[in-house]
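One structure below.
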Amino acid sequence: MKDEEIEPSATSPPPPSLPSSDPTISLHPRREPFEFGLLPISKLIFSDGTTTLIPLKQKLIQKASPSSRIDAEGISEILQISIENACLVVDTLAAVLPLDSDPLVRAKANVITSIGADVNDLVLFLYIQSYKRLLPRGHKDSASVADVWPSTSAFDGFLSALSPLQLARSNSRRFMPSQADEEAHQLSYLQKHLANILSLLAEPVENEDEESMVLTQERFEHLGLLFQFGEKGSDGISLSQAAPFFANSDPEMPAVPVSATQVHDWILQNIAAALENTAERVSAPANVADQDVAMADACATSVKGSSVAFVEGVSKTSVVNKASDLKSCSIKISNCHDSVIYILAPLKYAAIHGCSDTTIVLGAIGKAVRVEHCERVQVIAAAKRICIANCRECLFFLGVNQRPLILGDNHKLQVAPYNTFYSQLEVHMDQVGVDATINRWNEPLVLGMVDPHDSLSHPAGVSDVQAESAACLDPDQFTNFLIPNWYGGELSGTTKHNPFPLPEAYLASQQKCHQTLVDVKQALRDLQLEESRKRELSSALHSHFKDWLYASGNIRQLYCLQAD
């Protein structure tokens with residue numbers, strides 16, 4: 001079907017309005033496919049709109065099961081990609097689907113690729129691989145940002161002399177787009193490509209000319225991958241609930257298909273209204289001060305009209321957010337420096353961007369984690385899956401059910417098994433579906449250095465090569481991370497130890513360190529010293545420990561935690 005077949009015409013009936021007059025209910029793009037669903041695989045990017053995708057869809061349908069699902073093997077054959085990349089496609093699609101009831105979302109990690117993707121979801125997923133991320137924009141106070149962030153780097157990049165942080169902040173200290181900026185950019189993309197998107201779902205009317213295209217209610221619902229209607233920042237309601245087309249349908253009877261032209265006009269009307277509302281919210285981000293951020297001011301905040309919580313611009317502090325502190329299903333941690341951030345909550349998504357010299361502890365993340373443009377950051381995460389892009393000298397302690405995805409210009413990355421716990425960790429993991437019996441922390445999947453969706457990741461004209469992988473942390477350098485017990489006055493959990501089993505080499509190293517500590521303690525007890533010499537020894541030990549606290553910067557964290 002050609003684009004013009006569903007373009008509005010002078011004879012088209014006027015698009016129906018929303019059944020509710022409540023102005024707080026409006027259309028939004030689902031940000032998850034655009035933020036967590038883009039893969040830098042050239043064979044997945046179709047620059048000719050639907051010219052290739054519509055015939056490709058027919059091949060996928062022929063290969064699919066009677067329920068219109070196609071497994072990784074079939075995707076590999078039809079798209080002519082490796083089985084490894086086909087599994088990645090299925091898994092990434094599962095991470096961004098809107099309904100937790102979808103069989104692909106409910107599937108266990110070890111069988112997800114055999115469950116297969118719904119063909120209609122798959123072709124929409126393939127279509128948006130042509131999306132280009134919004135370029136960062138200049139910060140309104142470049143001088144204050146320059147005071148916080150160092151202007152030089154100790155690294156020389158393979159593709160650029162800039163480090164990931166400098167690359168992300170270059171060009172007059174470019175800054176992350178606001179949530180409203182990103183939403184407007186995504187809406188504009190969907191507005192431009194709506195005709196093609198609908199043509200991938202529409203079907204001809206039997207016994208009528210080929211230009212009479214319609215959408216069934218089932219096909220219409222697949223648009224929920226890209227659109228949702230929300231009320232004051234809620235998670236959203238389904239399209240069929242918001243749309244007038246199927247509002248009065250008898251649940252016992254199949255709904256009457258709707259003209260694709262009518263759907264096209266109605267969605268365009270709502271996109272236009274949403275863009276107008278979004279334009280009013282677009283504003284420059286707040287200044288990043290160069291002083292320490294107070295603990296009380298560093299908690300995650302939610303932006304009106306957004307289901308995302310934010311931790312932004314904190315420096316030289318500790319941030320603690322528990323489940324009771326967060327009302328959102330996603331969190332973004334950005335531009336944080338020399339801090340320790342605890343997000344001890346069950347969430348769907350977590351994004352970490354532009355941080356340096358920071359330790360970030362993520363509770364349980366049921367969909368996806370994305371870490372990009374970070375330097376010297378430690379991330380401790382229990383999650384379904386994680387993507388790492390354009391990072392340097394970062395260390396990841398992971399409990400992940402799928403292979404860590406590594407792409408972009410990375411240097412000196414290390415991965416290690418998960419190394420912590422808190423009392424409610426297993427409760428949170430159960431809530432979001434993270435399986436402690438599966439940990440693929442040491443099986444990274446490495447793609448190319450060039451991300452076609454992100455013009456910041458490489459200079460123009462540079463050909464792609466495989467990204468640098470991550471090395472496994474030496475077991476002798478593996479240590480546990482202790483999370484203070486902040487749940488004393490709340491409902492206590494049942495987790496008493498790390499729920500992810502440690503590999504033998506790391507367990508042996510841990511036991512060796514523990515035994516060394518026991519031996520040192522015993523040796524100190526056995527020393528035959530006079531009381532004055534014992535006091536001198538105790539004083540020396542305390543002095544060296546205090547020196548280490550100051551030299552490592554951990555003394556500040558102790559002060560912050562005491563203040564909490």
Side-chain angles (χ1 to χ4, degrees), residues 295-296 298-300 309-311 314 317-333 336 339-352 355 358-369 371 377-386 395-401 415-439 441 473 478-503 506-507 510 513-514 554 556-564:
M295 184 72 168
C299 294
F310 294 83
V311 176
V314 300
T317 191
S318 294
V319 178
V320 181
N321 280 282
K322 296 172 284 186
S324 57
D325 302 319
L326 297 170
K327 307 303 179 186
S328 306
C329 61
S330 302
I331 192 158
K332 279 189 175 182
I333 302 168
C336 297
S339 298
V340 181
I341 299 170
Y342 300 86
I343 308 297
L344 308 182
L347 299 171
K348 291 184 177 180
Y349 300 95
I352 302 169
C355 296
T358 294
T359 296
I360 300 170
V361 184
L362 299 175
I365 310 299
K367 296 282 191 176
V369 177
V371 184
V377 165
Q378 287 193 31
V379 176
I380 304 173
K384 279 277 187 73
R385 48 189 71 80
I386 187 170
L395 175 55
F396 299 87
F397 293 93
L398 301 177
V400 287
N401 296 162
V415 290
Y418 193 72
N419 68 338
T420 194
F421 70 92
Y422 58 95
S423 63
Q424 296 211 316
L425 176 59
E426 287 171 298
V427 173
H428 292 169
M429 289 170 60
D430 288 342
Q431 288 177 11
V432 297
V434 177
D435 187 349
T437 66
I438 301 173
N439 192 358
W441 65 274
L473 181 71
F478 179 82
T479 57
N480 288 325
F481 186 89
L482 180 62
I483 298 176
N485 182 17
W486 285 296
Y487 288 91
E490 300 180 18
L491 180 65
S492 61
T494 58
T495 303
K496 307 298 182 184
H497 55 79
N498 183 352
F500 292 92
L502 284 178
Y506 291 87
L507 181 61
Q510 190 179 66
C513 289
H514 178 72
N554 287 318
R556 185 175 58 249
Q557 187 183 173
L558 285 181
Y559 288 143
C560 289
L561 296 178
Q562 287 173 352
D564 188 47

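In this chain, numbering begins with 1 at the start of the sequence shown.
For the atom pair NZ (Lys332) and CD1 (Ile352), the distance works out to 12.5 Å, reported to the nearest 0.5 Å. Interatomic distance, Ile438 CD1 to Asn401 CG, rounded to the nearest 0.5 Å: 5.5 Å.
The main-chain N or O of Val369 is never found under 3.5 Å from a side-chain atom of Arg385 such that the two would form a donor-acceptor pair. Panel note: side chain Asn498, backbone Tyr418; a donor-acceptor pair is recorded below 3.5 Å. The main-chain N or O of Val427 is never found under 3.5 Å from a side-chain atom of Asp430 such that the two would form a donor-acceptor pair.
Using a 4.5 Å cut-off on side-chain heavy atoms (C-beta onward), Leu344 and Val361 make contact. Residues Val371 and Val377 have side chains not in contact (no heavy-atom distance under 4.5 Å, counting atoms from C-beta outward). Counting heavy atoms from C-beta on, the side chains of Ile333 and Ile343 come closer than 4.5 Å. Phe397 is not listed as a side-chain neighbour of Thr420, based on a closest heavy-atom distance of 4.5 Å or more. The shortest distance between side-chain heavy atoms of Val319 and Val340 does not fall below 4.5 Å.
The only member of Ile365, Asp435, Val434 that meets side chain to side chain contact (heavy atoms under 4.5 Å, CB included) when paired with Met429 is Val434. Considering Phe500, Phe478, Tyr506 as possible partners of Trp441, the one that fulfils the ring-ring contact (aromatic ring centres under 6.0 Å, His included) test is Tyr506.
When every heavy atom of Lys496 is checked against every heavy atom of Phe421, the shortest pair comes out as O-CZ, 3.2 Å. Closest approach of Ala309 to Leu326, counting heavy atoms only: CB-CD2, 4.0 Å. For the residue pair Leu425 and Gly363, the shortest heavy atom distance occurs at CD1-O, 3.9 Å. Contact record, Leu347 with Ser330: CD2-N, 4.3 Å, taken as the closest heavy-atom pair.
Residues that satisfy the side-chain contact (heavy atoms from CB on, under 4.5 Å) test with Ala381, not counting sequence neighbours, are Leu362, Val379, Leu398. Residues satisfying the salt bridge (Lys or Arg N to Asp or Glu O under 4.0 Å) criterion with Lys384, sequence neighbours excluded, are absent altogether. Judged as a side chain to side chain donor-acceptor pair (under 3.5 Å), and not counting sequence neighbours, the contacts of Thr495 are Glu426. For Gln510, the side chain to side chain donor-acceptor pair (under 3.5 Å) test picks out Asn480, with sequence neighbours left out. With sequence neighbours left out, Pro346 forms a side-chain contact (heavy atoms from CB on, under 4.5 Å) with Ala323, His428, Gln431, Val432. For Thr358, there are no side chain to side chain donor-acceptor pair (under 3.5 Å) partners two or more places apart in sequence or in a different chain.
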